[in-house]
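Order of listing sets the numbers, starting from 1, for every ligand and every atom in it. All values derive from a computational prediction rather than experimental measurement.
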Amino acid sequence: MTSKSFNPFEVAQQQFDQAADQLKLDDHVRAILRWPMREFRFQIPVRMDDGSIKIFFGYRVQHNDARGPAKGGIRFHPNETLDTVRALAMWMTWKCAVADIPLGGGKGGVVVDSATLSVGEKERLCRGFIDGIWKNLGPRIDVPAPDVGTTPQMMGWMMDEYSKLTGQYVPGVITGKPVGSGGSLGRTEATGFGVIFTIREAMRHLKLEAARCTAAVQGFGNVGQYAAIGFSELLGGRVLAVSCYDRHDKTAYTFGRPDGVDGRFLQSITDQYGTIDKAKAQAAGYVIEGGDAWLSKDVDVLIPAALEGQLTAETADRISPQVKMVAEGANGPTTPEADAVLKQRGIFLIPDFLCNAGGVTVSYFESVQNDANYYWEHEAVLRRLDQKMGAAFQGVLKMALAHDVYMRDAAYMVAIDHVVKAMELRGWV
Ligand code: GLU
């Protein structure tokens, strides 16, 4: 998923160790939380359209389930590794804890570029993933969801396969399903809009007027799209640039317009893998620059919403002096070295597992609706999401101010504290 020198699991452990020191955690408690409680790696043989059989590799990591069933997405990405999945699973534990939803942390992955598969091959790969791991999944065990490279339709196939294997309709085994097949209204925009709700809270804290603020977004997948749309529609601000990875050219570009991009228009010319159509953008007056250009724009807010390890010590140095806030829509976008630069420059940080907790929060709402077999209005979902994100942000800010710590450390302190309490209450430690 990322460059060889950057190991997300080492970063996740390093961040955890720092918070564990601050919380003075006992050694045995650290030992439980530093590593996932369970890990699976399995083969997925898939019949390809040409009749051949190809073997894919799948992973599922369950980091901790003290607060409830393991929860987290499944990534389809050519560079997926066990360490990436471990890091993401651990971050899910903290994410659910900081959002205060009764779930643990897990993550899955398949080493594949889904853009190379036909629809039929994708469906067989999704069903094969479930065939390989279904005994260790379930609404009260581990509940997957979409992530990079996976879609609601794929979740629908996976839910169907699990239901067939278990002989009953089990919508609660997976979230992020299509609406009409057990999915929740509002799940599609939940992560991006959740990012915006935390930015709104941070702006209040920093006394910034949202309508006068500008932003640049990295990544135009599900999170980047709805963060860009929400920044203008929900806050009244302007997004001056968005970057995206072009899967045809295998390179990234930045799309900008001085008066602000139109997120809905850009979304309408983006394919299902997050590649914006350059010709159509150019015809509509967009300026196209190199993939890193988003980072050095003179804006108030930077929203990295792509992959891990994007803000490094070197790239963080290129951030404009105008930037007041970094809101991490992606999981793990900032390396510890870049963190030190942001801290030293006094840039306010909304850390990843707080900032992007909106997706899993609505996933939780989806499973509540599945259990009750009663579905909520769109407006009710977004209102509850807003409440949850606001409360989570305020909890972390309070911790940061009370202990005079950086927002990432504060988020870790809140999250780890919740998880350790649950382990104590269950008699594990
Ligand atoms: N993949 C998303 C995340 O990283 C959502 C997880 C979920 O809904 O379970 O937060």
Side-chain angles (χ1 to χ4, degrees), residues 1 8 12 59-65 67-77 80 84-99 101-110 137-139 141-152 154-156 158-159 171-178 182-184 186-195 197-198 219 221-227 274 304-308 327-333 350-370 381 385 388-389 392 411 415:
M1 177 114 288
Y59 300 107
R60 187 72 191 168
V61 172
Q62 296 164 352
H63 173 259
N64 186 280
D65 62 3
R67 287 174 45 85
K71 184 81 192 86
I74 300 170
R75 265 188 191 193
F76 280 13
H77 197 281
E80 201 64 277
T84 316
V85 183
R86 284 172 170 158
L88 291 161
M90 194 193 233
W91 285 325
M92 285 309 301
T93 301
W94 314 137
K95 193 180 299 190
C96 294
V98 94
I101 53 179
L103 298 167
K107 204 83 177 194
V110 177
L137 300 179
I141 303 170
D142 180 3
V143 183
D147 199 274
V148 173
T150 49
T151 61
M154 292 177 173
M155 301 302 112
M158 291 188 186
M159 181 278 282
V173 69
I174 200 156
T175 61
K177 301 177 294 296
S184 173
R187 177 64 184 83
T188 306
E189 61 270 43
T191 313
F193 279 15
V195 167
F197 294 145
T198 62
N222 172 269
V223 183
Q225 289 177 23
Y226 284 99
L307 295 174
E308 313 83 41
E328 296 181 326
N331 291 310
I350 313 179
D352 51 1
F353 63 78
L354 166 64
C355 191
N356 68 31
V360 75
T361 299
V362 175
S363 275
Y364 165 58
F365 295 160
E366 181 176 328
S367 57
V368 169
Q369 295 171 74
N370 292 153
V381 174
L385 171 65
K388 275 278 186 205
M389 297 303 292

Please write down residue, atom name and distance for the protein heavy atom closest to [atom].
| atom | result |
| --- | --- |
| atom 1 (N) of ligand 1 | D147 OD2, 2.7 Å |
| atom 7 (C) of ligand 1 | A145 CB, 3.3 Å |
| atom 10 (O) of ligand 1 | K95 NZ, 2.7 Å |
| atom 8 (O) of ligand 1 | S363 OG, 2.5 Å |
| atom 9 (O) of ligand 1 | K71 NZ, 2.8 Å |

- Query: Without hydrogens or angle criteria, can the side chains of S363 and R187 be said to hold a donor-acceptor pair below 3.5 Å?
  - Reply: yes
- Query: Is the closest heavy atom of R187 to ligand 1 under 4.0 Å?
  - Reply: yes
- Message: In this structure, does ligand 1 have an atom that sits under 4.0 Å from one of the heavy atoms of K107?
- Response: yes
If the cut-off is 4.0 Å to any non-hydrogen atom of [X], which atoms of ligand 1 fall inside it?
| X | result |
| --- | --- |
| N331 | 4 (O) |
| G73 | 1 (N), 6 (C) |
| M92 | 3 (C), 4 (O), 6 (C), 10 (O) |
| G72 | 9 (O) |
| V360 | 7 (C), 8 (O), 9 (O) |

- Among T93, D142, T175, find the one that has a side chain to side chain donor-acceptor pair (under 3.5 Å) with K71. T175
- Message: Distance check, rounded to the nearest 0.5 Å: F353 atom CZ versus C355 atom SG?
- Response: 11.5 Å
- What distance do R86 atom CZ and Y59 atom OH have between them, rounded to the nearest 0.5 Å? 9.5 Å
Whether [X] side chain and [Y] backbone form a donor-acceptor pair below 3.5 Å:
| X | Y | answer |
| --- | --- | --- |
| R67 | I101 | yes |
| D352 | G332 | yes |
| D147 | G72 | no |

- Taking all heavy atoms of A357 and all of A99, pick out the closest pair and write down the distance. CB-CB, 4.1 Å
- Query: Which pair of non-hydrogen atoms, one from C96 and one from G104, has the smallest distance, and what is that distance?
  - Reply: SG-O, 3.5 Å
- Query: Which is it for P146 and ligand 1 at heavy atoms under 4.0 Å: side chain, backbone, both or neither?
  - Reply: backbone
